[in-house]
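Heads up: the structure comes next, in structure tokens.
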Amino acid sequence: MTATAPSGETLWSRCGGCAALLYRKRLRRNLDVCPECGLHARLAAPERIDQLVDPGSFRTLPERAVAVDPIGFVDVLPYPHRLAAARADTGLPEAVLCGTAAIGGSRCALAVMDFRFLGGSLGSAVGELITRTAEQALAAGVPLVLVTASGGARMQEGALSLMQMATVSQAMAELREVGLLTVSVLTDPTYGGVAASFATSADLVLAESGARMGFAGPRVIRQVTGRDLPEGFQTAEFLLRHGQVDMVVPRHALRARLATLLAATGTGRPATKRSGVDAPPPETARPVGLPRTPVRDAWETVRLARHPRRPTTLDYLETTFDGFTELHGDRLGGDCPAVVGGLARLDGRHLMVVGHQKGHSTAELAARNFGMATPAGHRKALRLMRLAARLGLPVVTLVDTPGADPGVEAEEHGQAAAIAENILVMSVLPTPVVTVVTGEGGSGGALALAVADRVLMLQHAVYSVISPEGCAAILWPGRTAAPQAARALRLTAPDLCRLGVVDEVVPEPDGSAADDPEATARAVRQALLANLLPLLEVPTVTLVQRRRRRFRRFGAARASARAGTR
Ligand SMILES: [Zn+2]
């Protein structure tokens with residue numbers, strides 16, 4: 001029951017927690033926290049900014065969000081229609097509001113997400129705006145504050161939305177390098193690609209009371225594991241107990257707490273001009289290397305990519321590489337069987353190889369957790385990549401995963417933060433990295449091994465922000481739409497090559513890799529040598545700069561360059 005004033009504004013609203021009927025103005029005075037039960041209602045970004053910053057201090061960044069529809073996505077509605085509706089409903093151009101402000105007298109750069117806008121999803125424009133906010137913090141020498149509220153990546157932008165996790169992360173890495181503080185405030189809800197990147201890779205992570213955060217959502221976890229979830233799963237208190245946030249702060253204390261943190265860590269460092277923050281380079285010509293074979297349907301490609309006889313990482317380590325010595329463990333108490341890695345040689349050169357491991361039989365698949373890495377798997381991969389950099393060895397990663405492990409324990413052990421740390425560290429790893437997507441490149445779990453100088457993809461592999469089944473379940477009525485979703489997501493190697501997410505397609509033998517693993521192994525070796533050898537000549541500083549530019553150029557940056565509005 002709601003009563004409406006003649007102006008159209010509701011006078012009363014019912015609390016979603018305790019069902020108490022509350023006078024709207026009183027609720028507003030109480031910062032939209034129910035005085036009866038303490039429920040923290042969701043806030044729109046402008047209201048959140050009003051509550052957090054010193055009055056009158058907020059200045060919007062001059063950059064405007066660019067309308068982006070990079071893959072021409074259509075489900076039951078074309079994506080531009082959904083965008084237009086979100087703009088009309090919220091009065092915002094995108095799912096984030098960015099600017100500079102003062103909090104308790106300390107200057108900062110600030111980005112506040114708005115869940116009302118397409119579930120706060122991380123599209124190219126959102127990634128671009130947050131990246132520019134981070135760059136503003138760097139240029140002005142002030143801390144960065146991020147307030148997150150998001151269901152995850154924006155499916156309608158396919159793998160380009162996934163790339164935003166890397167784009168924002170490397171901007172965060174630059175702030176980390178120069179010692180500027182980053183703070184994230186998790187608000188309800190923060191999930192998926194946002195949780196697994198900047199929400200958890202900040203120096204300090206605060207959770208607002210009542211916020212829930214996780215890599216996988218409760219519905220997905222219940223579906224996958226068939227288990228009931230523990231009481232309070234993924235709530236702020238759960239996150240605190242499992243070591244994933246620094247503190248839980250009720251809404252009325254948030255501004256004062258931020259003010260204390262910003263003041264304590266100091267501001268007003270000299271502005272630093274760094275080479276990595278130049279405007280994105282002009283769009284480079286798409287590389288050649290698209291094999292001239294008949295174009296297959298995307299859904300058929302998905303089935304080939306998942307074929308049980310398709311070569312696995314351990315198969316490639318036997319065939320493409322020589323002298324593999326496996327290394328185990330994350331040094332924090334776990335050794336995940338879904339990730340294998342160690343020292344190997346390629347044509348006589350020493351390197352570090354890390355990859356997802358599936359299997360050919362059901363027993364093997366089960367033993368390897370179907371190639372779904374736990375946090376321990378992501379941390380093992382990171383340990384090996386850091387070791388490689390210390391030893392001066394290049395890194396090759398082989399990606400073949402339906403996605404990161406969406407289980408209860410994975411959440412308890414910090415899945416989101418583990419993925420976020422890999423993405424951030426890989427973006428500045430001081431050694432060459434070449435990735436080959438050999439089978440399934442599933443979402444954040446794939447990207448956690450794929451922030452590379454060169455990203456190659458086998459002809460019948462797929463790389464996607466979400467599985468076609470998952471996408472269909474959310475955007476279409478009924479699960480039978482997975483083949484349509486597969487087409488809409490642009491997840492095949494030729495598609496991703498055109499979008500610049502992938503640099504080169506590695507041809508597969510007639511049929512597919514499953515029909516001739518030896519020929520596939522030779523093709524992978526040839527492609528790796530062709531891409532890795534030139535990187536060995538590049539000075540480390542240049543290499544890291546180029547890698548940053550590679551992940552800086554995605555999505556909105558490219559679209560605005562094309563439209564000449566940058
Ligand atoms: Zn209530």
Side-chain angles (χ1 to χ4, degrees), residues 1-53 55 86 89-92 95 97 103 112-121 146-152 184-192 194-195 199 205-214 216-222 228-242 244-259 411:
M1 188 184 89
T2 52
T4 306
S7 64
E9 203 199 340
T10 52
L11 293 175
W12 297 89
S13 59
R14 198 177 283 286
C15 170
C18 66
L21 198 56
L22 302 163
Y23 190 45
R24 193 82 196 90
K25 277 187 182 162
R26 179 176 173 223
L27 192 57
R28 195 35 62 92
R29 271 200 309 277
N30 207 36
L31 307 180
D32 278 276
V33 176
C34 172
E36 306 294 328
C37 74
L39 180 90
H40 286 53
R42 286 178 190 161
L43 292 181
E47 295 162 9
R48 172 70 70 180
I49 289 170
D50 278 351
Q51 290 187 9
L52 282 186
V53 310
D89 289 348
T90 59
L92 297 177
L97 255 186
I103 298 179
V112 177
M113 303 186 79
D114 195 313
F115 192 75
R116 298 172 306 155
F117 196 106
L118 296 177
S121 53
L146 303 171
V147 182
T148 61
S150 175
S184 88
V185 179
L186 309 176
T187 76
D188 192 58
T190 296
Y191 279 95
V194 169
V205 184
L206 283 56
E208 184 176 56
S209 298
R212 290 161 304 154
M213 186 279 285
R219 196 173 52 90
V220 170
I221 298 175
R222 252 187 243 110
D228 284 335
L229 302 179
E231 180 75 21
F233 187 60
Q234 295 180 330
T235 58
E237 290 68 27
F238 168 97
L239 298 171
L240 186 67
R241 207 162 54 242
H242 290 285
Q244 295 178 42
V245 299
D246 289 289
M247 59 189 87
V248 180
V249 187
R251 186 170 290 167
H252 66 79
L254 209 43
R255 179 167 173 269
R257 192 59 64 91
L258 279 175
E411 297 291 328

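Computed over heavy atoms, backbone and side chain alike; hydrogens, waters and symmetry mates excluded. Keep in mind the model is a prediction, meaning the values are calculated, not measured. Whatever order the structure lists ligands and atoms in, that order sets their numbers, starting from 1.
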Exercise. By side chain to side chain contact (heavy atoms under 4.5 Å, CB included), which residues pair with A253, not counting sequence neighbours?
Worked result: V249, P250

Problem set entry | Tally, protein N/O/S atoms nearer to the Zn ion (ligand 1) than 2.8 Å | 4

Problem set entry | Those residues that, when tested against R257, pass side chain to side chain donor-acceptor pair (under 3.5 Å) (two or more places apart) |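 With sequence neighbours excluded, R257 shows a side chain to side chain donor-acceptor pair (under 3.5 Å) to no residue whatsoever.
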
For this session: Output every pair passing salt bridge (Lys or Arg N to Asp or Glu O under 4.0 Å) with a member in residues 244-254, not counting sequence neighbours, ordered by first then second residue.
Result: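 Non-adjacent pairs meeting salt bridge (Lys or Arg N to Asp or Glu O under 4.0 Å): E208-R251.
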
For this session: Measure the shortest side-chain to side-chain distance between H40 and D188 over non-hydrogen atoms and say whether it is less than 4.5 angstrom.
Result: no

For this session: Report the C-alpha separation of L97 and L92 in whole Å, then their side-chain angles, then the decisive distance to 0.1 Å, and conclude whether the side-chain contact (heavy atoms from CB on, under 4.5 Å) test is met.
Result: CA-CA 8 Å; L97 255 186; L92 297 177; 4.1 Å; yes

Exercise. How many angstroms lie between CZ in F117 and CG in D89, if you round to the nearest 0.5 Å?
Worked result: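 The CZ atom of F117 sits 9.5 Å away from the CG atom of D89.
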
